[in-house]
Amino acid sequence: MSEAPALRIDPPDFFADLALVAVLDALPEARVVGGAVRDALSGYPVTDVDLATPREPAAIAGAFEAAGIRALPTGVDHGTLTALVGGKGFEVTTLRRDVETDGRHAVVAFTTDWQADAARRDFTINALSMTRDGAVFDYFGGLADLRVGAVRFVGDPATRIAEDHLRILRFFRFHARYAAVRPAAQVCQVLREAAPLLGRLSAERVWGELKRIMAAPDPRAAIHLMNELGVLAEAIPEGTDPARLNRMIAAGAPADPLLRIAALLTGDPGAFALRLRLSSAEGDRLAALARTAPLQPGLSDADLRRRLADAETATLIDRTWLDGDADPAWTGLRTRLAATPRPRFPLEGRDVLAFGIAPGPEVGAMLREVRHWWMKGGCSADADTLRQKLGRRIGQRHRG
């Protein structure tokens with residue numbers, strides 16, 4: 001039996017993508033589902049397009065083979081194949097219903113019922129689907145929720161969270177991006193009570209959601225609500241300072257998830273990075289920001305060079321966002337940092353050896369002494385001047 005769409009719109013631009021056209025030509029009954037529909041209706045750029053179809057995986061694979069489309073069985077046990085067309089990938093999944101869940105994994109059965117598949121989705125705004133002619137299907141009020149800026153669970157919130165504990169953080173990710181209204185008191189209570197369940201999730205899943213929350217244009221309301229409901233303390237037990245994050249965002253800092261984490265985090269960044277298994281680059285960046293001394297906007301040119309000699313330019317610019325506010329003086333400091341070449345101490349161990357010093361601890365000691373003198377002078381002395389200073393210092397030491 002055919003069903004009537006809740007809305008008809010002009011097909012969004014992404015339907016003109018020839019790669020997607022090829023996939024839909026092979027599976028004309030398929031619909032675009034989830035995030036692409038939600039973002040197209042909200043005016044956000046659409047980056048990934050996922051599709052669903054009543055066909056089972058073998059039939060999907062057969063349709064792609066007949067159309068000359070390569071398909072990878074990326075999640076075939078759960079009904080998902082990835083179609084590769086023109087260097088692009090499109091996940092195509094058989095309609096499903098949940099049979100069993102344990103808070104982390106689900107056992108599913110295939111179905112031909114679009115509403116049953118939509119009922120598996122976490123939030124109403126993610127349960128929308130759209131055909132290539134712009135027909136939008138909405139089984140749980142997602143269109144109305146998009147219009148008013150409400151993030152609402154499909155069905156009972158406690159049940160949905162019991163199915164997958166990550167939905168606690170996913171709620172705040174979508175709240176950060178789409179919400180304009182506070183969630184209902186019942187939802188807040190469910191989230192408060194469920195917060196300890198975050199400890200059962202893998203570190204990678206928690207970190208992935210935290211980064212997505214921090215990547216929202218303005219996550220302040222979501223972070224405030226997480227803090228209020230005890231979710232923030234469960235997700236980041238090392239300690240947090242939401243007020244510092246608020247101040248940095250208000251000052252116009254870039255929407256950089258790791259910089260925002262650095263502003264929020266008060267505990268040991270090393271422990272945080274280890275617990276959530278951050279990449280080496282992410283952990284190193286947090287550690288560099290933590291060990292870099294605070295900045296002030298009125299630095300002299302010499303002090304500016306000294307700071308640049310000891311830290312990367314990008315780290316110091318990040319640090320200005322952590323330490324500063326909306327005062328234009330901080331903008332001026334960032335401009336000066338970006339425009340000032342980073343001083344490099346020009347001497348090496350071979351410069352010391354050239355004065356007849358034997359390899360050993362004395363080489364490093366002499367370089368440190370001369371570098372200290374170079375830093376004290378504002379990092380402006382050139383290599384020849386420093387070699388002369390090194391020669392005099394070596395001569396004094398050996399005469400003494």
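Because the structure is a prediction, the values reported are computed rather than measured. These numbers come from the heavy atoms of this one structure, side chains and all, not from hydrogens, waters or symmetry mates.
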Mutual orientation of the aromatic rings belonging to Phe123 and Phe171 [parallel < 30°, tilted 30-60°, perpendicular > 60°]: perpendicular
NZ or CZ of Arg177 within 45° of Tyr44 ring axis and under 6.0 Å: yes
Can a cation-pi geometry be assigned to Arg334 and Trp321, taking NZ or CZ under 6.0 Å from the six-membered ring centre and within 45° of the ring axis? yes
Check ion pair Glu312-Arg342 (N to O, under 4.0 angstrom): yes
Closer than 4.0 angstrom, basic N to acidic O: yes or no for Glu369 and Lys389? no
May I ask whether Phe345 and Leu353 are part of the same hydrophobic cluster, defined by side-chain heavy atoms of I, L, V, M, F, W, Y residues being less than 4.5 angstrom apart, directly or through others? yes
Salt-bridge test for Asp303 and Arg307: reply yes if a basic N is under 4.0 Å from a carboxylate O, no otherwise. no
Decide if atom CD of Gln115 counts as having more than 12 heavy atoms of other residues, nucleotides or ligands within a radius under 6.0 Å. yes
Is the side chain of Glu282 donor-acceptor paired with the backbone N or O of Ser279 at a distance under 3.5 Å, no angle test? yes
Aromatic contact between Trp114 and Phe137, with the criterion being ring centroids under 6.0 Å apart: yes or no? no
Listing request: all salt bridge (Lys or Arg N to Asp or Glu O under 4.0 Å) pairs with a residue in residues 375-388, at least two apart in sequence or in separate chains. Asp351-Arg387, Asp384-Arg387
Using atom types as modelled and distance alone, determine if a side-chain donor or acceptor of Arg55 lies under 3.5 Å from a backbone N or O of Ala63. no
Is there a continuous path of hydrophobic side-chain contacts, each under 4.5 Å between heavy atoms, that joins Leu198 to Val190? yes
Any ion pair linking Arg31 and Glu3 (charged N to carboxylate O, less than 4.0 Å)? yes
Side-chain donor/acceptor of Arg152 to backbone N/O of Phe140, under 3.5 Å: yes
Please determine if Arg167 and Glu163 form a salt bridge, counting it only when a charged side-chain N lies under 4.0 Å from a carboxylate O. yes
Residues in salt bridge (Lys or Arg N to Asp or Glu O under 4.0 Å) with Asp122, at least two apart? Arg170
Regarding Asp48 and Lys88, does a basic nitrogen lie under 4.0 Å from an acidic carboxylate oxygen? no
Kindly state each residue pair satisfying salt bridge (Lys or Arg N to Asp or Glu O under 4.0 Å) with at least one member in residues 285-298, sequence neighbours excluded. Asp256-Arg285, Arg285-Asp318
For the hydrophobic clusters of this structure (ILVMFWY residues joined by side-chain heavy atoms under 4.5 Å, transitively), does one cluster hold both Met248 and Ile223? yes
Look at Arg182 together with Glu228 and state whether they make a salt bridge at an N to O cut-off of under 4.0 Å. yes
Under 4.5 Å between side-chain heavy atoms, hopping through other hydrophobics if needed: is there a path connecting Ile60 to Val21? no
Is the shortest distance from a Lys or Arg side-chain nitrogen in Glu238 or Arg275 to a carboxylate oxygen in the other one below 4.0 Å? yes
Which residue is it: Ile317, Leu299, Thr315? I am looking for the one with a side-chain contact (heavy atoms from CB on, under 4.5 Å) to Leu337. Ile317
Under 4.5 Å between side-chain heavy atoms, hopping through other hydrophobics if needed: is there a path connecting Leu95 to Val76? no
Do Arg70's NZ or CZ and the ring of Phe64 fall within the cation-pi criteria of under 6.0 Å and 45°? no
